[in-house]
Number of protein chains: 2
Amino acid sequence: MDVARSELFETGTPVACASCQARHGVVCGALSNGQLRELNRHSLRRKVEAGCEIIAQGSESSFYSNIMRGVVKLCKMMQDGRQQIVGLQFAPDFVGRPFVRESTLSAEAATDAEICVFPRNLIDRMISETPELQRRLHDQALKELDAAREWMLTLGRRTAGEKVASLLYLIATHAEPQTATSTAFDLPLSRAEIADFLGMTIETVSRQMTRLRKSGVIRIENFRHIIVPDMDELERMISA
Amino acid sequence: MDVARSELFETGTPVACASCQARHGVVCGALSNGQLRELNRHSLRRKVEAGCEIIAQGSESSFYSNIMRGVVKLCKMMQDGRQQIVGLQFAPDFVGRPFVRESTLSAEAATDAEICVFPRNLIDRMISETPELQRRLHDQALKELDAAREWMLTLGRRTAGEKVASLLYLIATHAEPQTATSTAFDLPLSRAEIADFLGMTIETVSRQMTRLRKSGVIRIENFRHIIVPDMDELERMISA
DNA sequence: ATCTCTGTTTGATCTAGATCAAACCATACC
DNA sequence: GGTATGGTTTGATCTAGATCAAACAGAGAT
C-alpha cells in the first residue's frame, strides 16, 4: 500500500494552478503570481488510493502537500500496535510540518484522494520570504490545536455514545453537501478506524451506531452512508 | 479566587526586562531593544496564587502573558461539570491566543505563580511588524500541537497505570532540578487535577500511585513530593 | 451460482476502572 | 490540647466497555 517518498515525485500530472480549487487556500492564497508560477513548475498532482501512506511516522519527508480531494487521517502508533488517530484533514487542507524534520505521526489517505505535492525546501524558502504565508500556516496550526484539544475532551471525558455522536457530528460538519436540516454523507473511516479515533473497540463502535440507528438519530445505508434527519438531535447526543 | 481581567492590569509591579529570565524567551527574545522598551512601559509583573483563573473559557481576554514562575493548566469544561485538562504550561512559556478573540479554554494557575502581563493589542501589532516573533509563536503553536497529539494517544490508548506514569514522566522532564539518574519534584497538580488531565477518577489515580510506590518506581513524601530513583524504570512503565 | 475474503453486527462473558463509602492524615484554627 | 477541614488513601461493589466468539453481508473471483 505504501508509496515510497521518491515515487510521489516521480509520478503524477502537472498542476493547473489557475483553475485550482486551492488557488486561494492556506498556502497558494498567500503567494504572488510569480511565486505561484515557480511552485507550479515544481509541483505534481497525484491520485493516492485509500490506505496509502503519505508521510511515515518517524521518517523525514521532503515534501508537503495540499489535499485536493478526499480525507487524510493522522495516526500515532505504539510499538505494541496500539494506534490512535489524532486528526482528520479534509480538502483543501495543507499537510506537512514546517520547521521540523522528523514526523511524529503518519499521514495516510483514509479515502481515495488526490493531493498536490510540493518540494519541501521550496515552500520553506517561500515561508521565510512571505509573512502572509507564515501567518496563514500559523493560523492553521492554531486551528488544528483547537481541534486536538476539543478531541482530548472527547477522549477523556465523554461516554461511548457521546464519542460516536461527536465523530458523526465532526464528519457531517466537514462533509460538503447539506440540505437545510437533514444531512447525508459517506463515512471516510471504517469501524476499525473510528475505534482508533475514539479510543475504543470496533464492537463498541458498532453497538453505539446501532443504538443511534434504532433511536432514529441516524439512518445507515450500506455501512458507510449515513443520513442524519435532524442535526440538532445529533448535537444533543453530544452534550457539548 | 478569580481575578477580574481589569484587575490584572491594575495591580502588579513594573517589569525589569534587562535582568528578566524570559528576556530571550519566545516573545521577548524576538524583540528589538526599542520594542522591548515599549513593551516594558506597558507590562506588569504579577503574583497569582494557585487556583486563580488567568483566562476564562468563553471570554475575550485583552492581554497575553509570560509565565515567570509556576505552572498553569489549560482546562476545558462541559456544562454538566465534566472537565478535561488539555495542557500544562511551565515557565517561561507564553500564554495567549493570537488572531482569535474568544478563548475556547480557561487558563488557571495550578501552583502559586508569577506572570508578566502584556496588553494584547500591543503584542498583536508587534507580531505583524516582526516576522521573527511570528515565527517563534508559530513554532510554539506547533510544539503545543505535538504535545496535545501525544496526549491524545495517552488518553485514548493507554491503561490507567501507563497514564499515571506518563504524567509523572511529563512533569519530571519539565521540572527544573535533576541529578544524573534520580529525579525529584513537587507535583503541581492535586489528585483531582491529575484525574482531570488523565481522564479518570481520583480513586484510580491514587491506586495507581500507590502501585508505583509499592513497586519501587517512585517514592512519595507528603502527597506532593515525588522521587524517581530511576527515570529509565519510569519510562519503561509507559511503553511509549 | 458458489466460494472466498474482509468488514460488520450481534451475543455471552469478563474485567479495568468507576462508583459508593469509610477511614486516614496533615494543616489550621479555636 | 481538641476539632473542624480538605485532600488523600483504602476497601467493597458495580458497570461500561473490553474481550471472546459466532453469525452475517457485501464484493470479487472462479
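All chains are named by letter (A, B, ...) in the order of the sequence lines, taking the proteins before the strands, and each is independently numbered beginning at 1. As a basis for the values below, the full set of heavy atoms in this structure was taken, side chains included, without hydrogen atoms, waters or symmetry mates.
When the side chain to side chain contact (heavy atoms under 4.5 Å, CB included) test is applied to A/Y169, the partners found at least two apart in sequence or on another chain are A/T173, A/M231, A/L234, A/E235, A/I238. Evaluation of the side-chain hydrogen bond (donor to acceptor under 3.5 Å, both in side chains) rule for B/R45 yields B/E114 as partners, not counting sequence neighbours. Listed by chain and number, the residues in a side-chain hydrogen bond (donor to acceptor under 3.5 Å, both in side chains) with B/E233 are B/R236 (sequence neighbours excluded). B/E102 pairs by the salt bridge (charged side-chain N to carboxylate O under 4.0 Å, His left out) definition with nothing, not counting sequence neighbours. Remark: A/T201 engages A/T204 in a side-chain hydrogen bond (donor to acceptor under 3.5 Å, both in side chains) (not counting sequence neighbours). Scanning for side-chain hydrogen bond (donor to acceptor under 3.5 Å, both in side chains) contacts around A/K47 gives an empty result, with sequence neighbours left out. Residues forming a side chain to side chain contact (heavy atoms under 4.5 Å, CB included) with B/S206 (at least two apart in sequence, or on another chain): none.
For B/F63 and B/F118, the ring centers are positioned 6.0 Å apart or more.
Residues in residues 146-158 of chain A take part in these salt bridge (charged side-chain N to carboxylate O under 4.0 Å, His left out) pairs, two or more places apart or across chains: A/D146-B/R97, A/R149-B/E144, A/E150-A/R158, A/E150-B/K76, A/R157-B/D196. Applying the salt bridge (charged side-chain N to carboxylate O under 4.0 Å, His left out) rule to pairs touching residues 204-215 of chain A yields nothing, sequence neighbours excluded.
Comparing A/R157 and A/T204 by the nucleotide of DNA chain C that holds the closest heavy atom to each, the one mapping nearer the 5' end is A/T204.
Scanning residues 205-217 of chain B for heavy-atom distances under 4.0 Å to DNA chain D yields B/S206, B/R207, B/T210, B/R213. For DNA chain C, the residues of residues 158-168 of chain B within the heavy-atom distance limit of 4.0 Å (strictly under) are B/T159, B/A160, sorted by number.
Here the C1' atom of nucleotide C/dC24 and the CG atom of B/N222 are 14 Å apart, to the nearest Å. Taking atom CZ of residue B/F223 and atom C1' of nucleotide C/dT27, one finds them 11 Å apart after rounding to whole Å. In this structure, the CD1 atom of A/I202 is 9 Å from the P atom of C/dT9, given to the nearest Å.
Using a 4.0 Å heavy-atom criterion, one finds that A/T201 contacts the bases of the nucleic acid, with or without backbone contacts as well.
Extent of DNA chain D lying under 4.0 Å from chain B heavy atoms, first and last nucleotide in 5' to 3' order, is D/dT8 to D/dA12.
Residues B/S239 and B/E162 bring a donor and an acceptor atom of their side chains to less than 3.5 Å of each other.
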